[in-house]
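Fair warning: this is a prediction, and the values are worked out from it, not measured in the lab.
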Amino acid sequence: MGMKTYLIDDDQLAVYLTEQLLRAEDFSNSIHTFGSAREALNTLLGEGQEAAPQVVFLDLNMPLMNGWQFLDALHPYKAHLLGRCFIYILTSSLALADLEKSRQYDLVAGLIHKPIDSGEIRAIQSRLLPGPGPAALWA
Amino acid sequence: MSLSECPSSNHLLTSKTEAVLVLSSEGEIRQVSPALTRLLSQPADTLLGRYLTDVLPPAEEERVRPLVARAAAGEVVCYQGLLPGPPQLSECQVALLPLLTDNRIAGVYALVCSRGGGLRPADQALLVREQQLSVIFDSITDITFVLDVEPEGRYRFTFANRAFQKTTGLRLEKVIGSYVHDIIPEPSLSLVLRKYEKAVRTCQPVIWQETSDYPTGQLTGEVTITPVLDEAGECRQLVGIVHDLTRQKKIEEDLRLSNERFQYAIKATTDALYDWDVAADTLYWGEGYEMLFGYGPQENPEPFSQWAEHVLPAEKQRVVGGLRYMAYETTDWHWQEEYRFRRADGSWAWVYDRGYILRDEHGRPVRMIGAMQDISERREAQERQRLMSERLFRQNSDLQQFTYIVSHNLRAPLANALGFADLLARVAPGSDVFTTSLQNLHTSLRQLDGVLTDVNTVLSVRDQQGGYRAEPVALAAVCGQALQGVLPLLKACGGELRYEIPEDLRLPGKRAYFHSIFHNLVSNAIKYRSDERPLLIEVEATTDADGATTIRVRDNGRGFDLAAAGDAVFQLYQRFHSDKKGRGIGLFLVKTHVESMGGRVSVESREGAGTQFMLYFSSHGHENVPD
């Protein structure tokens, strides 16, 4: 499983939790965690095009740069990232407004309420991993 | 007195040139003049005792009889008729005049002018004049009458025109020939008799006004009595003219009533009415001016500039300049403004002023009539309402923010706890992940508890505001006490704190709020100090000339990017430093406390340089906070 994954959240407990849940599902052996969106952005833009993560789990409520600001910062690179990098918003918020707003961003592949569960993890795997099996039907 | 003795007709009857006959009221011929016997070619004795209508040609009979009757009723009647021959019918002009003897119409006096030979210019002129006078007297609307002056102060009507009958409702037949004291009722009678006597005695016209009751109603008239003198200078007749003033009196009375109502309206209104005389540039004030604004009656009218001086200087250009502009430079007629106006006691009133500009035919302003209304109470109520709405709006949006933030921050540790519980069920007990997850589960639950504690704090602060009453708080003392609590932290980091608050400075507010404000701001300054320099915190309070107090809490700490933080600085659970732990409730409490005491808080900060908080309390800001 070499699906390169970014985990962006200022809440260290949440980062640890999500990482363990992903590991428990064998989601990826390449998980990079970031305590701030700024840090994640710098890394993402600093690495080459080919090094962009396939999956990003993005928290919304963070100081200095929140999830939305991170998405706005990625906007200039949208054309390059679309189809290669799938961003999932992972938030503890249940606000419908956030879901509405997330639909305005093409880069956002989905919104997941914390904590992420195994079903949601498997759905992402099925969607992103090309291969035979029933999962490919709804990719 | 017989007809032949009647003095007015005697000279005509004996005249050799005038064709005259005297008839009874029934039309019987009583006397004839020699000229008439010649005109009719019949001796006088064949005419006397016959009816005029019998002497005239048969065709004339029906026409003339009513004319004679009218003359016998007091009218002057002229007609064109025919005279019998011989030698043949001839045209003539006849004037029939009522003949007065003693106190009644005794008969009819007929003056005949033949169209044929023997026409006398004097007769014709007399007839024409009679006719003209008759027309004139009957067509003028003023009451006209002639009185004979008789001995013992008695006056008899010898003539009265139609206006007399029309105005008084008294029939002319009854009036003419009657004595004044039989026609005019008391109390007017005594009055007019005195006036007549005066005119007769002085031989000068007498004029007066009187009001009398007549069948047609109450009449007011101006009476002019002019004495007519005979050759000997004796007053024999009085000519009276009464000009009916009833309508005019009514208009004057209506005007008086209307003015009276206006005066009462001025008294009843709470407005200050004024009349600006543009040419003189003066203002005439109604009573309301003193009542509303307390300016005593030093001079009224007063110069326009007096009023202008009382307008709030900042609004003078708009109000006074605007009014003058509208008056002189436009043709508008309606002016209105709201402005502040100084009362005599120096306080300021809110005024609503409306005026109507009267202009001459060239559109130039002549006067302006207007009213100033004191709307201070209304304005203050509006202002209170506005502040209250603003406050409610703010509270509402705070509340929405609060709900959002609390749900978010409540759910974050809850979501973690749920996740760790899930994970614990799936990993091997005793493994590293199991141990860490168990610890994290505890941590998450403690965080959850912390958020609930914050919620409780915030809600209790809000609850306390309901029963909040301002008390004077000695700022220096409260600040000192609050600093005691943070002194160990300050010492531990080697920081220094200076504060300059006047000992006697007291602000209306709540002691506990100020304590919390100082505690939170100084704690923040310590928490976010810079590692590059020793911490210095400065607290100072100053009061300006208007009585407004500004408290500054300044540090040389790390600061933050104000532009990036935006409106969120004072919001709940907003943090601007990712590496320092903080719940983001301190500044929210500072703001809540400051605003609940009627103050405002703002912040300036620069990354790497420091942060300054400014708390501003205006001298009367506190009063504006509705309970």
Side-chain angles (χ1 to χ4, degrees), chain A residues 7-27 33-42 57 59-70 72-73 89-99 101 111-122, chain B residues 400-401 403-428 431-448 451 560-561 563-566 568-569 571-584 607:
Chain A
L7 202 50
I8 308 171
D9 197 330
D10 67 317
D11 181 348
Q12 289 174 20
L13 293 189
V15 169
Y16 180 83
L17 174 66
T18 308
E19 190 179 354
Q20 293 306 323
L21 289 170
L22 291 175
R23 287 192 194 287
E25 295 296 330
D26 283 335
F27 185 79
T33 63
F34 300 91
S36 83
R38 171 71 61 189
E39 192 192 334
L41 184 70
N42 290 341
F57 291 103
D59 183 31
L60 285 180
N61 188 32
M62 292 179 284
L64 300 179
M65 178 184 265
N66 65 27
W68 304 119
Q69 289 165 326
F70 175 83
D72 291 334
I89 289 173
L90 183 59
T91 175
S92 57
S93 160
L94 299 179
L96 277 176
D98 288 338
L99 184 61
K101 190 172 180 180
L111 185 144
I112 299 163
H113 293 130
K114 290 181 188 174
I116 191 167
D117 63 29
S118 45
E120 286 161 330
I121 295 171
R122 279 182 220 133
Chain B
Q400 282 180 344
Q401 192 82 31
T403 313
Y404 175 81
I405 288 164
V406 164
S407 72
H408 193 275
N409 284 271
L410 204 55
R411 188 146 198 293
L414 182 62
N416 283 344
L418 286 169
F420 284 119
D422 177 28
L423 194 62
L424 280 170
R426 296 164 62 180
V427 295
S431 67
D432 285 351
V433 175
F434 185 89
T435 312
T436 310
S437 295
L438 195 58
Q439 278 174 4
N440 287 348
L441 176 61
H442 282 138
T443 308
S444 298
L445 291 172
R446 270 200 305 279
Q447 285 175 348
L448 189 59
V451 172
F560 57 89
D561 183 354
V569 178
Q571 284 176 10
L572 197 56
Y573 294 130
Q574 294 289 333
R575 285 174 293 126
F576 303 95
H577 305 92
S578 53
D579 58 334
K580 290 280 175 184
K581 282 289 169 196
R583 299 206 312 276
E607 268 181 297

> Counting heavy-atom pairs under 4.5 Å to chain A, which of B/Val427, B/Thr436, B/Thr443 comes out on top?
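So the answer, after comparing B/Val427, B/Thr436, B/Thr443, is B/Thr436.
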> Under 4.5 Å heavy-atom distance to chain B, tell me which part of A/Ala95 shows up: side chain, backbone, both or neither.
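Side chain only.
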> To the nearest 0.5 Å, what is the distance between CD (A/Gln20) and CZ (B/Arg426)?
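That separation rounds to 11.0 Å.
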> What pairs of donor and acceptor atoms, side-chain ones from residues 410-423 of chain B against any protein atom, are under 3.5 angstrom apart with sequence neighbours left out?
unit_1: B/Arg411; atom_1: NH1; unit_2: A/Ser92; atom_2: O; d: 3.0
unit_1: B/Arg411; atom_1: NH1; unit_2: A/Lys114; atom_2: O; d: 2.9
unit_1: B/Arg411; atom_1: NH2; unit_2: A/Lys114; atom_2: O; d: 3.1
unit_1: B/Asn416; atom_1: ND2; unit_2: A/Asp11; atom_2: OD2; d: 2.9

> Are more than 12 heavy atoms from other residues, nucleotides or ligands located less than 6.0 Å from atom CZ of A/Arg23?
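More than 12 heavy atoms, drawn from other residues, nucleotides or ligands, come within 6.0 Å of this atom.
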> At a 4.5 Å cut-off on heavy atoms, which part of A/Asp9 comes close to chain B: side chain, backbone, both, or neither?
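Neither the backbone nor the side chain of A/Asp9 comes within 4.5 Å of chain B.
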> Grab the two heavy atoms, one from A/Tyr16 and one from B/Val433, that are nearest each other, plus how far apart they are.
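Closest approach of A/Tyr16 to B/Val433, heavy atoms only: OH-CA, 3.5 Å.
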